[in-house]
Peer 1: 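This is the structure, below, for whatever I ask next.
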Amino acid sequence: MGVQIGELLPRKELELENLNGRKVAIDAFNAIYQFLSTIRQRDGTPLMDSKGRITSHLSGLFYRTINLMEAGIKPAYVFDGKPPEFKKKELEKRAEAREEAQEKWEEALARGDLEEAKKYAQRASKVNEMLIEDAKKLLELMGIPWVQAPSEGEAQAAYMASKGHVWASASQDYDSLLFGTPRLVRNLTITGKRKLPGKDIYVEVKPELIVLEEVLKELKITREKLVELAILVGTDYNPGGIKGIGPKKALEIVKYSKDPLAKYQKMSDVDLYAIKEFFLNPPTTDEYKLEWKMPDEEGILKFLCDEHDFSEERVKNGLERLKKAVKAGRQFTLDSWFKK
DNA sequence: CGAATTCA
DNA sequence: TGAATTCGG
């Protein structure tokens with residue numbers, strides 16, 4: 001998923017204080033997918049309510065959003081719209097991979113290999129329309145803004161950041177840099193511990209910041225060249241890229257070639273120039289309003305506890321934290337206003 | 001993943 | 001207490 005240019009990009013660790021008071025546009029699909037794939041039982045089964053409906057994404061979204069708000073970070077979630085036609089191949093590839101993983105999950109389960117089962121269950125994760133609807137509903141009840149992108153969410157998030165309506169975009173993927181976000185935050189979580197799949201090794205995962213301007217300066221290229229580089233290496237729109245060309249070689253190529261795509265267009269069955277154009281000028285919208293409101297407590301209790309069997313005690317505790325955070329955030333905004 | 005609980 | 005483990009839905 002996403003572009004494979006990570007190793008080329010300079011980045012710096014972010015302390016939470018650096019994000020205090022800042023608005024961030026979060027790639028909703030990216031977040032939901034991660035919750036869905038990681039919040040699971042030992043055999044790989046996701047969390048579900050008594051009617052068998054998946055709730056892993058709601059749990060993750062609820063608690064992480066509260067954590068972010070408590071840290072003074074104002075999240076706005078950006079949802080994908082209609083994917084571009086040329087993403088079809090990648091989407092089909094993902095669907096195929098999921099089906100294969102599903103089979104392997106069942107096999108591992110049949111022979112009682114829980115570790116393998118979970119691994120394949122995670123790969124079989126599918127973010128469907130129902131999960132998206134649930135997520136939007138929860139955010140609305142929480143008073144957290146969400147934005148409907150006309151096309152790619154990463155493109156919309158980049159647009160909002162480049163307009164200065166949010167400070168940064170947030171995703172694990174690097175695509176929003178190609179779409180022109182001035183800042184990309186990765187690993188946007190508060191409790192930063194991740195267990196490596198192999199053994200019982202825990203690694204601290206801190207938020208990191210990638211600044212587009214610094215990327216271009218470091219690589220000595222323009223954004224247009226960065227997009228060409230990414231296309232050579234491979235994006236969601238041309239999976240795999242050009243055979244035999246990795247990030248290092250691609251960087252050299254875009255530097256010395258005036259029109260790097262020309263040579264490789266012949267050996268590619270997709271329109272590389274259309275992909276480039278899409279990254280440079282993606283569909284976006286101005287139809288959004290970023291407002292962080294007090295949560296609808298009654299609505300949340302009904303939705304999470306009554307409908308989806310969440311623990312009332314836990315949810316009420318979360319709500320208290322959220323209310324406090326919203327108030328504190330308003331105070332922060334007022335303080336910085338009077339200090340001007 | 002993140003909250004709650006257990007462990008040393 | 002802080003780290004490790006288990007539970008959550």
Side-chain angles (χ1 to χ4, degrees), chain A residues 1 14 16 19 24 26-73 75 77 105 109 114-115 117-128 130-135 137-139 141-142 144 170-173 185-208 295 297 299-325:
Chain A
M1 331 226 140
L14 256 185
L16 249 36
L19 288 165
V24 176
I26 299 178
D27 177 355
F29 178 87
N30 191 263
I32 291 168
Y33 179 83
Q34 285 195 330
F35 292 139
L36 180 62
S37 75
T38 53
I39 303 180
R40 285 169 184 265
Q41 306 178 71
R42 260 199 293 270
D43 67 351
T45 312
L47 298 189
M48 291 181 295
D49 63 23
S50 58
K51 290 184 177 164
R53 295 171 299 199
I54 292 174
T55 54
S56 296
H57 60 313
L58 296 176
S59 178
L61 200 56
F62 183 65
Y63 295 113
R64 179 181 291 177
T65 301
I66 291 170
N67 280 338
L68 293 177
M69 290 291 287
E70 268 188 334
I73 302 164
Y77 288 86
W105 177 17
L109 219 46
L114 290 188
E115 200 162 324
K118 186 165 185 180
K119 186 174 89 185
Y120 288 114
Q122 290 180 309
R123 287 189 201 171
S125 300
K126 160 84 173 144
V127 178
N128 62 32
M130 178 53 70
L131 302 195
I132 297 291
E133 292 306 314
D134 286 345
K137 180 168 183 188
L138 178 60
L139 290 171
L141 292 169
M142 291 178 77
I144 304 295
S171 175
Q172 292 307 96
D173 292 340
V185 176
R186 299 183 70 245
N187 307 329
L188 185 57
T189 53
I190 307 305
T191 53
K193 271 201 172 172
R194 185 190 291 169
K195 45 190 179 286
L196 292 180
K199 269 279 186 265
D200 311 317
I201 307 165
Y202 281 79
V203 186
E204 276 277 341
V205 181
K206 287 199 166 178
E208 61 183 29
E297 295 186 64
I300 288 179
L301 286 169
K302 184 163 176 285
F303 183 56
L304 291 182
C305 303
D306 296 352
E307 291 179 37
H308 293 298
D309 305 317
F310 277 58
S311 146
E312 196 167 304
E313 187 190 355
R314 283 183 175 213
V315 170
K316 277 182 171 165
N317 182 39
L319 280 169
E320 289 311 309
R321 292 169 56 204
L322 180 57
K323 282 193 289 181
K324 226 172 152 182

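Throughout, protein chains are lettered first and strands after them, A, B, ... in sequence-line order, and every chain is numbered starting at 1.
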Peer 1: Salt-bridged, A/E307 to A/R53, with N to O below 4.0 Å?
Peer 2: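 The answer is no: the pair does not qualify as a salt bridge.
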Peer 1: Closest heavy-atom contact between A/I39 and A/S56?
Peer 2: O-OG, 2.8 Å
Peer 1: Hydrogens and angles aside, do A/S171 and A/D173 bring a side-chain donor and acceptor to less than 3.5 Å of each other?
Peer 2: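 On atom types as modelled, these side chains do not qualify, holding no pair under 3.5 Å.
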Peer 1: Identify, residue by residue, the members of residues 56-65 of chain A with a heavy atom below 4.0 Å from DNA chain B, and return them in order of residue number, or none.
Peer 2: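 Close to the strand are A/Y63, A/R64.
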Peer 1: For A/T55 and A/D49, does a side-chain donor sit closer than 3.5 Å to a side-chain acceptor?
Peer 2: no
Peer 1: Looking only at side-chain N and O atoms, does A/N67 come under 4.0 Å of OP1 or OP2 in B/dC1?
Peer 2: no
Peer 1: Could you state the interatomic distance from OH (A/Y63) to CZ (A/R321), rounded to the nearest 0.5 Å?
Peer 2: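 So the OH of A/Y63 and the CZ of A/R321 are separated by 8.5 Å.
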Peer 1: Taking only Lys NZ, Arg NE, NH1 and NH2, and the carboxylate oxygens of Asp or Glu, determine whether A/E313 and A/K316 approach each other closer than 4.0 Å.
Peer 2: no
Peer 1: Over how many whole Å does the gap from A/L131 atom CG to B/dC1 atom C1' extend?
Peer 2: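 One finds 16 Å between C1' of B/dC1 and CG of A/L131, rounded.
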Peer 1: Rounded to the nearest angstrom, tell me the gap between atom CG in A/N187 and atom C1' in B/dG2.
Peer 2: 15 Å
Peer 1: Looking at DNA chain C, which of residues 300-313 of chain A put a heavy atom within less than 4.0 Å of it?
Peer 2: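 Per residue number, the list reads A/H308, A/D309, A/F310, A/S311.
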Peer 1: Can you sort out which residues in residues 37-52 of chain A have a heavy atom within less than 4.0 Å of DNA chain B? Ascending by number, please.
Peer 2: A/T38, A/I39
Peer 1: Are side-chain N/O atoms of A/S37 and A/R123 paired as donor and acceptor at under 3.5 Å?
Peer 2: no
